[in-house]
A.B. asks: 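Starting off with a structure, shown below.
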Amino acid sequence: MAWGKLASTTSTVTSDEVSTGTITESKFITIMYHVIKSGTANTRWRFNNDTGSNYAARQNGNGGTDGTLTSQTSIYTHADTSGNAFGHVYIINISTEEKLCIFNEISSNAAGAGTAPARREVVAKWTNTSSQITEVDLLNTDTGDFSADTNISALGSDLTPAAAIPFAE
C-alpha cells in the first residue's frame with residue numbers, strides 16, 4: 001500500500017477549528033496532529049461537517065476504566081484540557097460501511113519531568129454509510145482555543161499520482 005499526502009493545514013491564528021478542507025476520497029486515511037492550546041481546550045473530531053448525533057466511541061484515559069459515548073455530535077479524544085497534544089488517527093473509509101477509527105493522543109499534562117504525560121486511547125465510528133470522508137475537522141468546544149501553529153496532516157492510501165499533493169523539498 002502506498003501513502004500519499006491528502007492535506008496539511010497549519011493554523012496561522014488562534015481558533016476553535018482546524019480543518020483539512022476538501023480531501024480526495026481514500027479507502028484508508030491516517031492523520032497526525034499537533035495541538036497547541038491557549039487556556040482550556042479539548043480535541044474533538046467531525047467528518048464532512050456532519051453535526052448530527054452520528055458518532056460513537058469507546059475510550060480509556062491513562063489506563064483507567066473504559067467509558068462509552070454514543071449518539072454524539074463529534075468524537076472526543078483529548079487526553080487533558082491544558083497540555084499541548086500530539087496524536088495519530090487510523091481510519092477505514094469505505095463509502096457503504098461505518099467509518100471505524102483508532103485514535104491515540106498524548107498531552108504534556110503539567111510541565112517538567114516531575115509529571116508524566118497524559119494519554120487517551122479511543123476507538124470510534126462515524127455511522128455514515130452513504131459516502132466517504134472528504135473533510136476532517138479538529139474542533140475545540142471548551143473555553144480556550146487552539147493557538148497558531150496547531151497542525152493537522154492527512155495521508156491517504158492508493159492515490160493516483162495526480163491526486164496526491166507533492167511533498168515540498
Side-chain angles (χ1 to χ4, degrees), residues 3-57 59 69 71-95 97-107 120 122-160 162-168:
W3 292 94
K5 183 177 172 185
L6 295 174
S8 184
T9 303
T10 301
S11 176
T12 58
V13 297
T14 298
S15 70
D16 284 328
E17 180 177 332
V18 180
S19 177
T20 61
T22 302
I23 59 175
T24 302
E25 294 174 347
S26 182
K27 187 185 242 182
F28 298 97
I29 298 172
T30 188
I31 298 169
M32 294 149 290
Y33 61 97
H34 178 219
V35 174
I36 302 170
K37 297 178 182 176
S38 172
T40 303
N42 59 43
T43 50
R44 292 183 177 264
W45 298 86
R46 192 169 284 147
F47 304 126
N48 295 8
N49 296 308
D50 181 359
T51 60
S53 299
N54 299 316
Y55 304 86
Q59 55 190 309
L69 295 166
S71 300
Q72 299 291 301
T73 60
S74 61
I75 300 168
Y76 143 66
T77 62
H78 63 274
D80 79 78
T81 58
S82 59
N84 295 338
F86 172 72
H88 196 231
V89 186
Y90 300 97
I91 303 169
I92 181 72
N93 189 30
I94 298 170
S95 61
E97 297 180 14
E98 294 182 331
K99 311 321 173 259
L100 302 178
C101 313
I102 302 169
F103 295 82
N104 290 291
E105 183 173 301
I106 181 172
S107 66
R120 181 161 306 273
V122 178
V123 292
K125 64 181 180 178
W126 179 42
T127 60
N128 179 302
T129 57
S130 61
S131 62
Q132 287 186 294
I133 295 169
T134 56
E135 181 176 340
V136 179
D137 299 324
L138 173 61
L139 310 166
N140 169 46
T141 57
D142 216 322
T143 58
D145 294 294
F146 297 150
S147 294
D149 295 326
T150 292
N151 176 275
I152 178 173
S153 295
L155 301 175
S157 68
D158 304 325
L159 298 176
T160 61
I165 299 170
F167 286 99

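We're numbering straight along the sequence, starting at 1. Any value given below was found using the heavy atoms of this structure, including those in side chains, with hydrogens, waters and symmetry copies removed.
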A.B. asks: Looking at Glu105 and Ala85, what are the two nearest heavy atoms and their distance?
C.D. replies: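 Between these two residues, the closest heavy atoms are OE2-CB, 3.6 Å.
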A.B. asks: Where do Ala148 and Ile36 come nearest, in terms of heavy atoms and distance?
C.D. replies: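 In this case the closest contact between Ala148 and Ile36 is O-CD1, 3.8 Å.
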A.B. asks: Testing Thr81, Thr141, Thr143 one by one against Asn42 for a side-chain hydrogen bond (donor to acceptor under 3.5 Å, both in side chains), which residue passes?
C.D. replies: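 Running side-chain hydrogen bond (donor to acceptor under 3.5 Å, both in side chains) over Thr81, Thr141, Thr143 with Asn42 returns exactly one hit, Thr141.
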A.B. asks: Given side chains that start at C-beta, do those of Thr30 and Trp3 come closer than 4.5 Å, heavy atoms only?
C.D. replies: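 A side-chain contact under 4.5 Å exists here.
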A.B. asks: Can Asp145 and Ser38 be said to form a side chain to side chain donor-acceptor pair (under 3.5 Å), step by step?
C.D. replies: CA-CA 5 Å; Asp145 294 294; Ser38 172; 5.0 Å; no
A.B. asks: With sequence neighbours left out, what residues match Gln59 under side-chain contact (heavy atoms from CB on, under 4.5 Å)?
C.D. replies: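 So Gln59 forms a side-chain contact (heavy atoms from CB on, under 4.5 Å) with Leu69, Tyr76, Arg120, Val122.
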A.B. asks: Can you find a pair of side-chain heavy atoms, one from Phe146 and one from Asn151, that are under 4.5 Å apart?
C.D. replies: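 Sidechains of Asn151 and Phe146: no contact.
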A.B. asks: List the residues meeting side-chain contact (heavy atoms from CB on, under 4.5 Å) with Asp80, not counting sequence neighbours, and say none if there are none.
C.D. replies: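 With neighbours one apart ignored, the set is Ser82, Ser107, Asn109, Ala118.
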A.B. asks: Donor-acceptor pair, distance only, cut-off 3.5 Å: does the side chain of Gln132 make one with the backbone of Asn93?
C.D. replies: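 Side chain of Gln132 to backbone of Asn93: a pair is present.
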A.B. asks: Who passes salt bridge (Lys or Arg N to Asp or Glu O under 4.0 Å) against Glu17, sequence neighbours left out?
C.D. replies: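 Listed in chain order: nothing, the list is empty.
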A.B. asks: Given 3.5 Å as the limit, does a donor-acceptor pair link the side chain of Asp50 with the main chain of Gly52, or not?
C.D. replies: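 Confirmed, Asp50 side chain pairs with Gly52 backbone.
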A.B. asks: Can a donor-acceptor pair be found, under 3.5 Å and without considering hydrogens, that links the side chain of Asn128 to the backbone of Ser130?
C.D. replies: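 The answer is yes, because a donor-acceptor pair under 3.5 Å joins these two groups.
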A.B. asks: Check whether any side-chain heavy atom of Lys125 sits under 4.5 Å from a side-chain heavy atom of Lys99, and report yes or no.
C.D. replies: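 Heavy-atom side-chain distance check fails, nothing below 4.5 Å.
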A.B. asks: Flag the pair Asp149 / Ser11 as yes when at least one side-chain heavy-atom distance between them is below 4.5 Å, and no otherwise.
C.D. replies: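 In short, these two side chains do not touch, never coming nearer than 4.5 Å.
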A.B. asks: Looking at every heavy atom in both Thr14 and Ser147, which two are closest together, and how far apart are they?
C.D. replies: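 Looks like OG1-CA, 4.1 Å.
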A.B. asks: Taking the side chain as every heavy atom from C-beta outward, state whether Ile31 and Ile91 have any atom pair closer than 4.5 Å.
C.D. replies: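 Side-chain contact under 4.5 Å: yes.
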A.B. asks: With Ser95, which residues qualify under side chain to side chain donor-acceptor pair (under 3.5 Å), at least two apart?
C.D. replies: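 Result, side chain to side chain donor-acceptor pair (under 3.5 Å) vs Ser95: none returned.
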A.B. asks: Give the minimum heavy-atom separation between Thr77 and Tyr33, together with the two atoms involved.
C.D. replies: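 That would be OG1-OH, 3.9 Å.
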A.B. asks: What class does the angle between the rings of Trp126 and Tyr55 fall in, given that below 30° is parallel, 30 to 60° is tilted and above 60° is perpendicular?
C.D. replies: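 It falls in the parallel class, under 30°.
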A.B. asks: Do Arg44 and Asn140 come close enough that some side-chain heavy atom pair is under 4.5 Å?
C.D. replies: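 A side-chain contact under 4.5 Å is absent here.
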A.B. asks: Which value, rounded to the nearest 0.5 Å, describes the distance between Asn54 atom CG and Thr127 atom OG1?
C.D. replies: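 Spacing of CG (Asn54) from OG1 (Thr127) equals 4.0 Å.
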A.B. asks: Where do Trp45 and Leu139 land on the side chain to side chain contact (heavy atoms under 4.5 Å, CB included) test, with the steps shown first?
C.D. replies: CA-CA 6 Å; Trp45 298 86; Leu139 310 166; over 6 Å; no
A.B. asks: Would you call Thr43 and Leu138 a side-chain contact if the rule is heavy atoms closer than 4.5 Å?
C.D. replies: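 Result yes, sub-4.5 Å side-chain heavy-atom pair found.
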A.B. asks: Are any of the side-chain heavy atoms of Arg46 and Thr73 separated by less than 4.5 Å?
C.D. replies: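 With C-beta onward as the side chain, the pair touches.
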A.B. asks: My understanding is that only residues two or more places apart in sequence, or in another chain, count here; which of them pass ring pair (Phe, Tyr, Trp, His ring centres under 6.0 Å) with His88?
C.D. replies: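 For His88, the residues satisfying ring pair (Phe, Tyr, Trp, His ring centres under 6.0 Å) (neighbours in sequence not counted) are Tyr90.
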A.B. asks: Run the side chain to side chain contact (heavy atoms under 4.5 Å, CB included) check on Phe47 and Asp137 step by step: do they pass?
C.D. replies: CA-CA 6 Å; Phe47 304 126; Asp137 299 324; over 6 Å; no
A.B. asks: My understanding is that only residues two or more places apart in sequence, or in another chain, count here; which of them pass side-chain contact (heavy atoms from CB on, under 4.5 Å) with Thr20?
C.D. replies: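 Partners of Thr20 by the side-chain contact (heavy atoms from CB on, under 4.5 Å) criterion, ordered by chain and then number, come out as Ala7, Ile23, Glu135, Val136, Ile152, Ala154.
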A.B. asks: Between Ser26 and Ser157, what is the shortest heavy-atom contact and its length?
C.D. replies: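 Closest approach of Ser26 to Ser157: OG-N, 2.8 Å.
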A.B. asks: Under the side chain to side chain donor-acceptor pair (under 3.5 Å) rule, what do Ser53 and Ser71 come out as? Steps first, then yes or no, please.
C.D. replies: CA-CA 5 Å; Ser53 299; Ser71 300; over 6 Å; no
A.B. asks: Should Ile29 and Leu155 be marked as a side chain to side chain contact (heavy atoms under 4.5 Å, CB included) after you check the CA-CA gap, both sets of side-chain angles, and the distance that decides it?
C.D. replies: CA-CA 6 Å; Ile29 298 172; Leu155 301 175; over 6 Å; no
